[in-house]
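Everything on this sheet refers to the single structure shown next.
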Amino acid sequence: MDRVSPASPPSQTPLRIASVNVNGVRAAYRRGMQDWLSGREVDVLCLQEVRAPDAELRRLLGEDWHIVHTEAEAKGRAGVAIASRTEPTATRTTIGDPFFDTSGRWVEMDLQVRGVSLTVVSAYVHSGEAGTPKQEDKYRFLDAMTVRLPQLRDGADHAVVVGDLNVGHTPLDIRNWKGNLRKAGFLEEERAYFDRFFSEECGFLDVARLLAGDVDGPYTWWSWRGKAFDNDTGWRIDYQLATSALARNAASSTVDRAPSWEARFSDHAPLVVDYQI
């Protein structure tokens, strides 16, 4: 595990939010995802690329969760979900732009936690492809995020947007960043959106970076191919973006990196953050 935490951990039991792109939840369970989840004491679980019918997701997770899940219209693609140990006060499955209503890329859940309101979002941004319509869809989705994020910030006591956002914000987020300057995931135009997310315009902070400081990674994605995982040639493209007060009360951030290539249940590793609320 790649773990960062403050020197003096708070005594209050935190709220633990875990996010992971499962790369197909059925395949992830076959590879051992249940073993990871059962030992992690997660309060809120956010998934991306579920790629399974709702009934199948509920069967795999079991009856101890309150689940909101939106599937993609194209079967076997995308799909995002949030599973909470406590019952939500409301859920929503759209980002605000009707173009993405059936894309399976955005889902929201409102919770009451110790007397305060918290909105949790599980998001899956397009991977994109420079110079193609896929990239235009990605920019349109990022545009929608710049509209929705301030609304989330102003609509609850706290808000956190987590998931596979498919952009490395700075050179610290990609091992071989110089070779990716013209590729989707590290284009200057994409990274400029994240500058806006972390500005007063949108009002969110990058929790893992806030706690880790100016270090390489910790990475959250490695290709299945070659020696990328063994050599830690990764990308940090999975995030937890939180409103200011919540981010500054994050007690720890951990990337649950598998001990070996064979032990991975996805090409992404879970990002787990403990929040003091």
Any donor-acceptor pair under 3.5 Å from [X] side chain to [Y] backbone:
| X | Y | answer |
| --- | --- | --- |
| R58 | I67 | yes |
| D230 | K227 | no |
| N21 | N23 | yes |
| Q135 | E129 | yes |
| T243 | A245 | no |
| D157 | S117 | yes |
| Q240 | I17 | yes |
| S19 | V162 | no |
| E190 | L187 | yes |
| S84 | T86 | yes |

Can you tell me how far apart [atom1] ([X]) and [atom2] ([Y]) are? Round to the nearest 0.5 Å.
| X | Y | atom1 | atom2 | answer |
| --- | --- | --- | --- | --- |
| E49 | L47 | CD | CG | 11.5 Å |
| H126 | R140 | NE2 | CZ | 10.0 Å |
| T91 | H69 | OG1 | NE2 | 13.0 Å |
| H66 | L111 | NE2 | CG | 9.5 Å |
| N166 | F186 | CG | CZ | 14.0 Å |
| N176 | L181 | CG | CG | 11.0 Å |

Is it the case that the ring center of [Y] lies less than 6.0 angstrom away from the ring center of [X]?
| X | Y | value |
| --- | --- | --- |
| F194 | Y239 | yes |
| W224 | W261 | yes |
| F100 | F141 | yes |
| H169 | F198 | yes |

Legend entry - From CA spacing to verdict: salt bridge (Lys or Arg N to Asp or Glu O under 4.0 Å), R236, D206: CA-CA 12 Å; R236 191 179 77 94; D206 181 349; 2.6 Å; yes
Inset, instruction - Kindly assign one of parallel, tilted or perpendicular to the pair F265 and W36, based on the angle between their ring planes and the thresholds 30° and 60°. - result: tilted
Atom pairs and distances, side-chain donor-acceptor, residues 70-78, under 3.5 Å, sequence neighbours left out:
residue: E71; atom: OE2; partner: D54; partner atom: N; Å: 3.0

Legend entry - Over 12 foreign heavy atoms within 6.0 Å of CZ, R114: yes
Inset, instruction - Tell me, yes or no, whether the heavy-atom count around D214 atom CG, taken from other residues, nucleotides or ligands under 6.0 Å, exceeds 12. - result: no
Legend entry - Lys/Arg cation over aromatic Y219: R175, 6.0 Å, 45° cone: no
Inset, instruction - Let me see the working for E56 and R59 under salt bridge (Lys or Arg N to Asp or Glu O under 4.0 Å), right down to the final yes or no. - result: CA-CA 5 Å; E56 185 70 2; R59 183 189 69 80; 2.8 Å; yes
Inset, instruction - Could you please spell out the steps behind the side-chain contact (heavy atoms from CB on, under 4.5 Å) verdict for F197 and L142? - result: CA-CA 10 Å; F197 297 164; L142 293 170; 4.1 Å; yes
Inset, instruction - Decide yes or no on side chain to side chain donor-acceptor pair (under 3.5 Å) for D267 and W221, but give the supporting numbers first. - result: CA-CA 6 Å; D267 52 354; W221 176 85; 3.1 Å; yes
So which heavy atom on [X] is nearest to which on [Y], and how close?
| X | Y | value |
| --- | --- | --- |
| A159 | L246 | O-CD2, 3.8 Å |
| T94 | D101 | CG2-OD1, 3.1 Å |
| L210 | A247 | CD2-O, 3.7 Å |

Inset, instruction - Sequence neighbours left out, what passes side-chain contact (heavy atoms from CB on, under 4.5 Å) with R148? Give chain and number order. - result: R92, I95, W106, E108, Q151, L152
Inset, instruction - May I ask you to decide whether R16 forms a salt bridge with D43, counting only side-chain N to carboxylate O separations under 4.0 Å? - result: no
Legend entry - Step-by-step side chain to side chain donor-acceptor pair (under 3.5 Å) determination, T119 to D110: CA-CA 4 Å; T119 297; D110 294 339; 2.8 Å; yes
Inset, instruction - Could you pull out all residues at least two apart from W65 that satisfy side chain to side chain donor-acceptor pair (under 3.5 Å)? - result: none
Legend entry - Distance-only donor-acceptor check, side chains D238 and H268, under 3.5 Å: yes
